[in-house]
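All residue numbers refer to positions in the sequence shown, counting from 1.
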Amino acid sequence: MEQTIHWAILEYDQGKIYIAATSKGLCYVGSPEEDYEQMVKKFPGAEFTENAEALEPYSGELKEYLEGARTDFSLPVDVKGTPFQEAVWTALREIPYGATYTYSDIAEKIGKPAAVRAVGTAIGANPVLITVPCHRVIGKNGSITGYRGGIKMKQHLLELEKEYSKR
């Protein structure tokens with residue numbers, strides 16, 4: 001039985017992003033650089049239906065976050081990966097708003113201190129940008145390193161959180 005995924009476009013001040021959800025939760029948050037085909041490629045065999053109404057709770061929370069009015073997310077996510085990826089994604093969700101961790105910090109947190117590169121790979125496979133806050137992971141020297149959404153988007157999200165966490 002093929003899975004039905006509802007999708008919509010979320011427009012915000014930096015552009016537009018595709019978002020998608022299953023009946024279990026948010027399964028994809030793209031970036032301004034990613035198009036419809038890139039979203040569909042992540043879910044082979046799924047049936048995609050445009051449905052802004054079904055995505056409204058998710059787009060509402062994402063808009064509030066992008067406007068600085070929300071610091072965490074209450075709606076469920078439906079992400080599937082290897083047990084290692086899922087452990088990394090869970091650790092990402094525990095990074096406080098406005099804080100940054102290093103890849104080594106995440107490796108330590110999941111009990112695999114030598115797996116720093118694998119942590120980076122798992123972070124890169126995160127299908128739900130923003131909600132699973134991989135943008136909060138930076139290089140050991142404080143550098144803003146790779147991000148599926150692009151360095152510009154990562155910098156924007158970190159600056160947004162820095163600005164609003166002062167309030």
Side-chain angles (χ1 to χ4, degrees), residues 10 12-22 24-34 38-39 41-43 55 57-167:
L10 171 68
Y12 72 112
D13 65 347
Q14 300 288 309
K16 64 180 187 177
I17 53 177
Y18 284 86
I19 62 172
T22 66
K24 295 177 185 168
L26 192 66
C27 64
Y28 180 81
V29 175
S31 74
E33 269 89 62
E34 293 173 311
Q38 288 166 301
M39 174 181 65
K41 218 187 301 184
K42 296 210 180 276
F43 304 93
L55 272 290
Y58 302 103
S59 59
E61 284 200 359
L62 284 162
K63 280 180 187 169
E64 288 171 1
Y65 167 84
L66 292 165
E67 292 166 356
R70 172 177 288 280
T71 60
D72 60 354
F73 297 93
S74 65
L75 295 167
V77 294
D78 182 13
V79 292
K80 290 175 184 60
T82 66
F84 182 83
Q85 288 173 325
E86 290 179 7
V88 169
W89 300 338
T90 297
L92 295 176
R93 294 188 82 183
E94 294 169 3
I95 302 172
Y97 181 90
T100 55
Y101 283 32
T102 65
Y103 294 90
S104 311
D105 293 336
I106 300 299
E108 291 279 343
K109 194 165 180 55
I110 64 166
K112 307 257 188 220
V116 177
R117 283 181 184 241
V119 164
T121 301
I123 289 172
N126 171 21
V128 189
L129 297 182
I130 304 170
T131 315
V132 175
C134 54
H135 62 276
R136 295 180 187 151
V137 180
I138 60 172
K140 199 171 219 161
N141 63 359
S143 62
I144 302 209
T145 54
Y147 185 63
R148 177 168 59 90
I151 297 296
K152 182 180 170 190
M153 182 179 184
K154 185 171 185 169
Q155 287 174 317
H156 171 72
L157 296 173
L158 290 172
E159 287 167 14
L160 175 98
E161 290 189 9
K162 190 176 180 183
E163 179 183 335
Y164 289 107
S165 64
K166 291 177 185 171
R167 293 181 175 187

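Qualifying side chain to side chain donor-acceptor pair (under 3.5 Å) partners for Glu64, counting only residues two or more places apart in sequence or in other chains: Arg70. Annotation: side chain to side chain contact (heavy atoms under 4.5 Å, CB included) contacts of Pro32 (sequence neighbours excluded): Tyr12, Ile17, Met153. Residues satisfying the ring pair (Phe, Tyr, Trp, His ring centres under 6.0 Å) test with Tyr65, not counting sequence neighbours, are Phe73. In this structure, the side chain to side chain contact (heavy atoms under 4.5 Å, CB included) partners of Glu159, at least two apart in sequence or on a different chain, are Gln155. Taking Ala87 as the reference, Ile110 meet the side chain to side chain contact (heavy atoms under 4.5 Å, CB included) condition, with sequence neighbours excluded. Applying the side chain to side chain contact (heavy atoms under 4.5 Å, CB included) test to Thr22 and every residue at least two apart in sequence or in another chain returns Gln3, Ile5, Lys24, Cys27, Asp78. Under the side chain to side chain donor-acceptor pair (under 3.5 Å) criterion, Asp13 pairs with no residue, sequence neighbours left out. For Tyr103, the ring pair (Phe, Tyr, Trp, His ring centres under 6.0 Å) test picks out no residue, with sequence neighbours left out.
Judged purely by atom type and a 3.5 angstrom limit, Ser31 uses its side chain to pair as donor or acceptor with the backbone of Glu33. Using a distance-only test at 3.5 Å, with no hydrogens or angles considered, a donor-acceptor pair links the side chain of Trp89 to the main chain of Ala122.
Annotation: Lys16, atom NZ; neighbour count of heavy atoms from other residues, nucleotides and ligands within 6.0 Å does not exceed 12.
Annotation: side chain of Val137 is not in contact with side chain of Val119 (no heavy-atom distance under 4.5 Å).
Here the straight-line distance linking atom CG of Leu158 with atom CD1 of Ile144 works out to 5.0 Å at 0.5 Å rounding.
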Task: Pair Ile106-Ile95, side-chain contact (heavy atoms from CB on, under 4.5 Å): steps then yes or no - done: CA-CA 9 Å; Ile106 300 299; Ile95 302 172; 3.9 Å; yes

TODO: Carefully, step by step, assess Leu129 and Tyr147 under the rule side-chain contact (heavy atoms from CB on, under 4.5 Å).
DONE: CA-CA 9 Å; Leu129 297 182; Tyr147 185 63; 3.7 Å; yes

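Between Val79 and Pro127, the shortest heavy-atom contact is CG1-CG, 3.6 Å. Taking all atoms of both residues into account, the shortest heavy-atom contact from Leu157 to His135 is CB-CD2, 3.6 Å. In terms of heavy atoms, Ala20 sits closest to Leu26 at O-CD1, 3.3 Å. Considering all non-hydrogen atoms of both residues, Leu66 and Leu10 come closest at CD1-CD2, 4.2 Å. The two atoms that bring Ala21 and Tyr58 nearest to each other are CB-CE1, 3.8 Å, heavy atoms only. The nearest pair of heavy atoms linking Gln85 to Thr82 is OE1-N, 2.9 Å.
For residues 124-133, there are no salt bridge (charged side-chain N to carboxylate O under 4.0 Å, His left out) pairs, not counting sequence neighbours. Residue pairs that meet the salt bridge (charged side-chain N to carboxylate O under 4.0 Å, His left out) test with at least one member in residues 132-157, sequence neighbours left out, are Glu34-Arg148, Arg136-Glu161. For the salt bridge (charged side-chain N to carboxylate O under 4.0 Å, His left out) condition, no pair includes a residue of residues 124-134, sequence neighbours left out. Contacts classified as side chain to side chain donor-acceptor pair (under 3.5 Å) and involving residues 105-130 (residues at least two apart or in different chains) are given here: Glu94-Lys109, Thr102-Asp105.
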